[in-house]
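Numbers restart at 1 for each chain; the letters A, B, ... are given by sequence-line order, proteins then strands. Source: prediction; values computed, not measured.
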There are 2 protein chains.
Amino acid sequence: MKRHFVTIKDIARELNISVATVSRAMRDTYDVNQETRQLVLKKAQELNYKPNFNATGLVKNSSHNIGVVLPTITNYYFSTVITGIQEVAYKKGYNIVLYITNDSAEREMDILNELSLGNMDGLLVCVSSDSRQNDHFEQIIADGIPIVFFDRVAHDIKASKIMQDDYHGAYQAVEHLIQQGYKKIAHIAGPAGLLFTERRMEGFLAAMKDHRLPVKKEWIIHSGFSRDFGEKDALQLLQSRTRPDAIFAVNDRKAIGAMLALKKKNIRIGKQIGIIGFTNDPMCEIISPSLTTVEEPALEIGRKSCEFLLNHINKKHFQVQELTLPTKLIVRESTMRG
Amino acid sequence: MKRHFVTIKDIARELNISVATVSRAMRDTYDVNQETRQLVLKKAQELNYKPNFNATGLVKNSSHNIGVVLPTITNYYFSTVITGIQEVAYKKGYNIVLYITNDSAEREMDILNELSLGNMDGLLVCVSSDSRQNDHFEQIIADGIPIVFFDRVAHDIKASKIMQDDYHGAYQAVEHLIQQGYKKIAHIAGPAGLLFTERRMEGFLAAMKDHRLPVKKEWIIHSGFSRDFGEKDALQLLQSRTRPDAIFAVNDRKAIGAMLALKKKNIRIGKQIGIIGFTNDPMCEIISPSLTTVEEPALEIGRKSCEFLLNHINKKHFQVQELTLPTKLIVRESTMRG
DNA sequence: AAAGACTTCGAGAACGTTCTCGCTGATATA
DNA sequence: TATATCAGCGAGAACGTTCTCGAAGTCTTT
């Protein structure tokens with residue numbers, strides 16, 4: 001249990017020099033003799049010295065921890081984003097510590113009021129789908145803790161934001177459907193109130209309008225993000241007076257749910273009803289027919305978010321900035337009429 | 001950039017009491033008057049005081065951080081394990097900080113020699129598939145940092161280990177194939193040298209032996225864990241002199257790779273060749289035909305690992321212990337001959 | 001009334017670093 | 001020779017807590 005650590009003092013004692021000099025040597029400041037420096041480094045190695053981050057953090061007033069607050073990690077998009085975050089954080093010597101909200105606004109609140117959060121150098125957050133109030137973020141920002149939002153961003157908060165190009169991705173998706181000859185296009189969307197959901201909706205509507213296609217209210221359904229909701233939404237669409245001949249889903253999971261539901265009803269995906277998703281989850285290639293989708297730059301979003309945050313943390317002055325990364329249409333079988 | 005924090009001293013000054021008393025009040029020790037305690041708590045709330053973990057950590061010699069070292073997080077099993085870990089860690093006030101090895105022994109070494117690791121209160125690790133040398137773990141253990149291994153454990157290390165019941169899971173899987181009438185059963189395994197791979201192999205061999213079925217060398221293939229390897233292995237099996245009529249894959253991803261390859265060759269899964277996987281990845285339900293598999297208790301493994309580690313960290317004396325959690329056969333279409 | 005026990009609190013050291021200031025001795029400048 | 005410059009280093013404070021020790025006051029016991 002009790003472990004004893006080698007400190008800078010031990011090195012100083014063994015070398016008969018002051019702790020100040022050892023500290024200088026470790027940090028390679030200008031005012032230390034290179035010879036003594038080598039001596040110190042050698043001795044440090046020999047004693048297996050590891051710096052104590054609590055001590056450095058205490059004087060420098062930083063923890064080298066950045067908090068990542070997100071709804072879940074058990075899906076392709078989020079786990080990939082985290083991988084990107086971790087990659088750049090690790091390189092710069094920062095730890096990332098995870099906070100999972102389970103997509104619950106209540107839990108999100110709890111987490112943001114958490115003690116430990118105050119000890120983060122900065123925060124990367126993707127808001128939960130049912131959080132409407134944003135006061136808790138305001139509070140954190142007021143406390144002076146840098147925040148970068150990614151993917152699902154809070155509307156009204158003045159903070160840096162990184163998203164994929166949801167509008168154009170959606171536009172391109174719908175245009176692809178239209179080019180394939182589908183005309184009666186439905187959209188199964190996410191919960192209302194989330195910016196990226198709205199942007200995809202706008203892209204959908206714009207593409208329909210530009211191609212002079214009618215949009216029926218009953219072809220637009222708002223619900224949750226999971227596969228189950230995709231199934232339900234698809235079944236609901238089948239009930240509508242005029243049945244759509246294509247579905248644009250807000251994400252791949254819902255698209256896959258819809259496919260599963262339609263397959264059960266013996267509807268031939270592509271031929272009878274075309275389907276397109278969003279994300280490019282590996283599942284797209286596994287399901288049959290394979291799912292056409294819009295690829296999101298998840299890894300890059302993770303990397304860039306973290307880079308932004310580290311800039312915010314280390315720069316004296318930082319501008320709030322927004323970044324939109326491009327998406328890419330990936331055509332597969334689910335939108336093939338042939 | 002510069003943020004000013006409310007400290008215990010501020011509270012003491014405003015209340016005209018000593019820092020020691022404030023500290024006592026915050027920790028609710030026995031030797032503090034309940035009235036003054038309430039006063040302190042009220043003032044703390046009022047000033048929005050947040051304890052500084054660097055300071056407490058420095059005197060208590062702990063960081064309340066536990067490191068999680070694992071190959072990747074972008075798959076179902078690992079992301080679920082992490083969710084379990086995070087769940088209990090959060091409850092106990094510990095942060096989890098992620099280290100991703102990308103399944104490379106070299107990177108694993110780098111990470112374990114990392115400075116920041118020395119500042120973890122404990123480690124949860126799942127070794128990378130190509131790591132043979134375990135000296136770096138010995139070193140950490142010698143440093144007195146508690147370690148718990150999960151899933152992929154290092155053979156020879158004396159440390160606590162948590163795994164699913166790979167042997168019986170495999171046995172049950174193969175027995176299920178046999179009961180379905182398959183006789184020529186192949187096993188596409190993981191890389192040799194990993195304990196759980198070997199255990200699944202043993203389960204496979206035992207079931208075959210108990211049912212007096214022959215095992216051909218060419219029906220056993222060792223390779224990587226990814227879908228690509230599953231495809232390759234399946235194609236290789238098709239080349240063998242006597243073609244197997246069923247495949248037991250070491251995990252779902254390989255099983256799915258194999259299915260995809262066989263489907264491309266117009267082989268009817270189930271009828272001509274039965275396939276069973278391991279993990280119960282959500283993809284099993286998505287692919288067609290759906291994939292029979294052995295469910296792993298991923299969430300529970302995450303939870304238990306973390307509980308073990310926290311015990312190790314907080315108990316004065318701890319016994320190294322090993323825990324094996326049960327698996328569960330989940331029958332779907334890929335092993336239906338009818 | 002004296003002694004003991006208990007409650008409540010303060011002073012100050014300690015944790016392992018970094019940082020500021022100033023000192024020493026050597027070298028360069030006048 | 002006297003003075004300025006500079007390289008290299010040490011002493012000690014500071015960061016925000018906890019912890020140990022002891023003191024003051026109150027209450028109980030005899």
Novice: Side chain to side chain contact (heavy atoms under 4.5 Å, CB included), that's the test. Do B:Val127 and B:Leu70 meet it? Break it down for me.
Specialist: CA-CA 6 Å; B:Val127 305; B:Leu70 75 186; over 6 Å; no

Novice: Can you establish whether the number of heavy atoms outside A:Gln34 located under 6.0 Å from its atom CD is more than 12?
Specialist: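 Count over threshold, so yes.
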
Novice: Give the rounded distance in Å between these two atoms: CZ of B:Phe5 and C1' of D:dT17.
Specialist: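 Atom-to-atom, B:Phe5 to D:dT17, this comes out as 15 Å.
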
Novice: For C:dC9 and B:Tyr30 - does any side-chain N or O of the residue sit under 4.0 Å from the phosphate oxygens OP1/OP2?
Specialist: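 For C:dC9, neither OP1 nor OP2 has a side-chain N or O of B:Tyr30 closer than 4.0 Å.
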
Novice: Using atom CG of A:Asn61 as one end and atom C1' of D:dT17 as the other, report the distance to the nearest whole Å.
Specialist: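 Atom-to-atom, A:Asn61 to D:dT17, this comes out as 14 Å.
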
Novice: Take the protein atom CE of B:Met26 and the nucleotide atom P of D:dG16, then report the distance between them rounded to whole Å.
Specialist: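 Taking CE of B:Met26 and P of D:dG16, I get 15 Å after rounding.
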
Novice: Can you check whether B:Arg27 has a side-chain N or O nearer than 4.0 Å to OP1 or OP2 of D:dC19?
Specialist: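 Yes, within the criterion.
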
Novice: Both A:Asp31 and B:Ala20 contact DNA chain D. Which one's nearest nucleotide lies toward the 5' end?
Specialist: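 Closer to the 5' end of DNA chain D: A:Asp31.
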
Novice: Would you please confirm or rule out a distance under 4.0 Å between OP1 or OP2 of C:dG16 and any side-chain N or O of A:Thr7?
Specialist: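 The answer is no; no side-chain N or O of A:Thr7 sits under 4.0 Å from OP1 or OP2.
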
Novice: Please confirm whether the shortest side-chain N or O distance from B:Ser23 to OP1 or OP2 of D:dT17 is below 4.0 Å.
Specialist: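 Result: no.
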
Novice: Roughly how many Å is it from CG in A:Asn119 to C1' in D:dT17, rounded to a whole number?
Specialist: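 That distance rounds to 12 Å.
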
Novice: Which whole-number value in Å describes the distance from A:Leu39 CG to D:dG8 P?
Specialist: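 Rounded to whole Å, this separation is 14 Å.
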
Novice: Does B:Lys50 place a side-chain N or O at less than 4.0 Å from the phosphate oxygens OP1/OP2 of D:dG16?
Specialist: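 No, outside the criterion.
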
Novice: Whether A:Asp110 and A:Arg107 form a salt bridge (side-chain N of Lys/Arg under 4.0 Å from carboxylate O of Asp/Glu) is what I want to check.
Specialist: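 Looking at A:Asp110 together with A:Arg107, the answer is no, because their closest N to O distance does not fall below 4.0 Å.
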
Novice: Output yes when at least one side-chain N/O atom of A:Ser18 is less than 4.0 Å from OP1 or OP2 of D:dA11, else no.
Specialist: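 Checking A:Ser18 against D:dA11: no side-chain N or O falls below 4.0 Å of OP1 or OP2.
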
Novice: Taking only Lys NZ, Arg NE, NH1 and NH2, and the carboxylate oxygens of Asp or Glu, determine whether A:Arg152 and A:Asp103 approach each other closer than 4.0 Å.
Specialist: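 Answer for the salt bridge query: yes.
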
Novice: Measure CZ/B:Arg24 against P/C:dG10 and give the value in whole Å, please.
Specialist: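 Taking atom P of C:dG10 as the reference, CZ of B:Arg24 is at 8 Å.
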
Novice: Is the shortest side-chain N/O distance from B:Thr36 to OP1 or OP2 of C:dC9 below 4.0 Å?
Specialist: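 For C:dC9, OP1/OP2 do have a side-chain N/O of B:Thr36 under 4.0 Å.
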
Novice: Can you tell me how far P of D:dC9 sits from CG of A:Asn16, to the nearest Å?
Specialist: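 These atoms are roughly 13 Å apart.
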
Novice: Answer yes or no: is there a side-chain heavy-atom contact under 4.5 Å between B:Leu47 and B:Ile11?
Specialist: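 SC-SC contact between B:Leu47 and B:Ile11 confirmed.
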
Novice: Could you tell me, to 10°, how much the axis swings from one end of the helix from C:dA1-D:dT30 to C:dA30-D:dT1 to the other, five pairs per end?
Specialist: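 For the helix from C:dA1-D:dT30 to C:dA30-D:dT1, the axes at either end differ by 50°.
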
Novice: Under 4.0 Å, heavy atom to any atom of DNA chain D: which of residues 52-60 of chain A qualify?
Specialist: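 Contacts with DNA chain D under 4.0 Å: A:Leu58, A:Val59.
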
Novice: What's the CG-P distance between B:Asp10 and D:dC15, to the nearest Å?
Specialist: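 To the nearest whole Å, that distance equals 11 Å.
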
Novice: Taking the side chain of B:Asn33 as heavy atoms from C-beta outward, which of D:dT17, C:dC9, C:dT20 is closest to it?
Specialist: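 So the side chain of B:Asn33 is nearest to C:dC9.
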
Novice: Are B:Asp151 and B:Lys161 close enough for a salt bridge, meaning some N to O gap below 4.0 Å?
Specialist: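 So B:Asp151 does not pair with B:Lys161 through a salt bridge.
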
Novice: Is the closest side-chain heavy-atom distance between A:Pro51 and A:Met26 below 4.5 Å?
Specialist: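 No - every pair of side-chain heavy atoms lies 4.5 Å or more apart.
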
Novice: Side-chain contact test, heavy atoms from C-beta onward, threshold under 4.5 Å: evaluate it for B:Phe137 versus B:Val125 and give yes or no.
Specialist: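 The answer is yes, as the side chains (C-beta and beyond) meet within the 4.5 Å cut-off.
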
Novice: How are the rings of B:Phe225 and B:Phe196 set relative to one another: parallel (under 30°), tilted (30 to 60°) or perpendicular (over 60°)?
Specialist: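 Rings of B:Phe225 and B:Phe196: parallel, under 30°.
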
Novice: Say you draw a straight line from CD1 of B:Ile313 to NE2 of B:His64; how long is it, rounded to the nearest 0.5 Å?
Specialist: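 Taking CD1 in B:Ile313 and NE2 in B:His64, the distance rounds to 8.5 Å.
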
Novice: Examine the base of D:dG8 for any acceptor or donor lying under 3.5 Å from a partner atom in the side chain of A:Arg37, and report the outcome as yes or no.
Specialist: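 Answer no: no donor N or O sits under 3.5 Å from an acceptor.
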
